[in-house]
Protein chains: 2
Amino acid sequence: MASAPPAALRQLRSIRRTAAQERILAAALDLFADHGVSGTSLQMIADAVGVSKAAVYHQYNAKSDIVLAVAETELAKLEEALEAAESEASETRARGLMLGRVIDMAVARRRWVGALQNDPVMVRLLAEHPPLQLLMERVYGLLIGDASDAEARVAAAMMAATIGAAVVHPLVADLDDDTLRQELLRIARRIFDA
Amino acid sequence: MASAPPAALRQLRSIRRTAAQERILAAALDLFADHGVSGTSLQMIADAVGVSKAAVYHQYNAKSDIVLAVAETELAKLEEALEAAESEASETRARGLMLGRVIDMAVARRRWVGALQNDPVMVRLLAEHPPLQLLMERVYGLLIGDASDAEARVAAAMMAATIGAAVVHPLVADLDDDTLRQELLRIARRIFDA
DNA sequence: GTCTATATGAAGATAGAC
DNA sequence: GTCTATCTTCATATAGAC
């Protein structure tokens, strides 16, 4: 039997939620993507779910709790990709695997990526909430490895930024997922390999 | 004498503002960058300028007017770069010039780029306000030229997205402008040339 | 798990004086 | 160009019943 991973490594994935909570988080994510976190009120979330504000408050005590839960739900997917990549033997293979997984994720969820990557409230949350901060450090650690020189860091920032921002760009809004994924992968490899 | 450019080409640059208006727009841009447009109240802007809300309303009748004026001010700089590039003879040279200018701009103003590129309110404004829409179409037209196939469009989206998002990325926050500009230019060229 | 009703504050916006 | 005072609407959040 494989030994269970340390607690810190499976925090996000192990969070369980009720059906009512999942409805709220799904509606909130949609609204965050369209209006930003600050531009989304609890009334809007309640209306989207089809319940009253009080019903929403019964599930989450504050709006900030909803924001955190949304971030955790989405980053749990990133955590899975990270664990798969970290179990690879060579660093090169780990980076390659991570790249492919992240692009798949970003394309599949492109409608919502902007809400997490760019929103100032989310950015602050990622920078201040220790478990999420730790996760992002692992992601960047894998991407830049031991090399922490300017070139590697700019390249890593560009890759992360590129994938996140390109998938939400209006110029590619009408491309199908497969085409977008292929081109993205080709160009992302060019950023790193050359 | 050089003939004056058509009216549509110099709309943004020709807008004049009073000192009081410029103070408001500068404060608003800073706050938009930190909190997003929706997360910035008129009270916050007034406090940052050091006046009352009513004084702000005397300059701009509504918050949306401030948002529009901020967008126009920033995009006026892009308009200048575009005009310089469009006056080039060859398309290749035009693209190269535009690339360099846009990177210079993005790096110099990196603290504020995210507010314009990513904020949902700004995105909606760019998509709905005809003069700004027109400007962005000219920018993308220059970048992808006649080739409007998937490869060119994804590459253009990636380049625009990359520059905009990489300059605001935490990984490069402590790099000096020159280093960031050099690396950005190197990698951006790789996206297009290969 | 959901509701109605309500408290409290902050938002956008205006009136009118200096 | 700026102020104080005010209006209205909407925000977050809570109390208590079903």
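Residue numbers start from 1 in every chain, and the chains themselves are labelled A, B, ... in the order their sequence lines are given, proteins ahead of strands. Bear in mind that the values here come from a model prediction, so they are computed numbers and not experimental data.
- A salt bridge does not link A/Asp119 with A/Arg124: every distance from a Lys NZ or Arg NE/NH1/NH2 to an Asp or Glu carboxylate oxygen is 4.0 Å or more.
- In this entry the distance linking CE of B/Met44 with P of C/dG9 reads 19 Å, nearest Å.
- Atom CD1 of B/Ile66 is separated from atom P of C/dA13 by 9 Å (rounded to the nearest Å).
- If you check the side chains of A/Ser90 and A/Arg95, you find no donor sitting under 3.5 Å from an acceptor.
- In this structure, B/Gln43 atom CD and C/dG9 atom C1' are separated by 13 Å, rounded to whole Å.
- Within a 6.0 Å sphere centred on CZ of B/Arg111, heavy atoms belonging to other residues, nucleotides or ligands number more than 12.
- In the set D/dG1, C/dG1, D/dA13, D/dA13 carries the atom at the smallest distance from any side-chain atom of A/Lys63.
- In the set C/dT14, C/dC3, C/dG1, the nucleotide with an atom closest to the side chain of A/Ala54 is C/dC3.
- In this structure, the NE2 atom of B/His58 is 18 Å from the C1' atom of C/dG12, given to the nearest Å.
- Nearest nucleotide to the B/Ser52 side chain, out of D/dA13, C/dG12, D/dC3: D/dC3.
- For the pair B/Tyr60 OH and C/dG12 P, the computed distance is 16 Å after rounding to whole Å.
- For A/Ala62, counting side-chain heavy atoms from C-beta on, the closest listed nucleotide (D/dA13, C/dA13, C/dT2) is D/dA13.
- C/dT6 atom P lies 14 Å from atom NZ of A/Lys53, rounded to whole Å.
- Side-chain proximity of A/Tyr57 to C/dA11, C/dA13, D/dT14: nearest is D/dT14.
- Residue A/Asp176 comes nearest to A/Arg110 through the heavy atom pair C-NH2, 3.7 Å, listed as atom of the first residue, atom of the second, then distance.
- Picking from D/dA15, C/dT2, C/dA13 the nucleotide with the shortest atom distance to the side chain of A/Arg23 gives C/dT2.
- Going from atom CG of A/Leu42 over to atom P of C/dA7 covers 20 Å, rounded to whole Å.
- A/Glu86 contributes no side-chain N or O that, together with a main-chain N or O of A/Glu83, makes up a donor-acceptor pair within less than 3.5 Å.
- The nearest whole Å value for the distance from the CD1 atom in B/Ile45 to the P atom in C/dA10 is 17 Å.
- Residue A/Ser41 places its side chain closer to D/dA11 than to any other of C/dG1, D/dA11, C/dG12.
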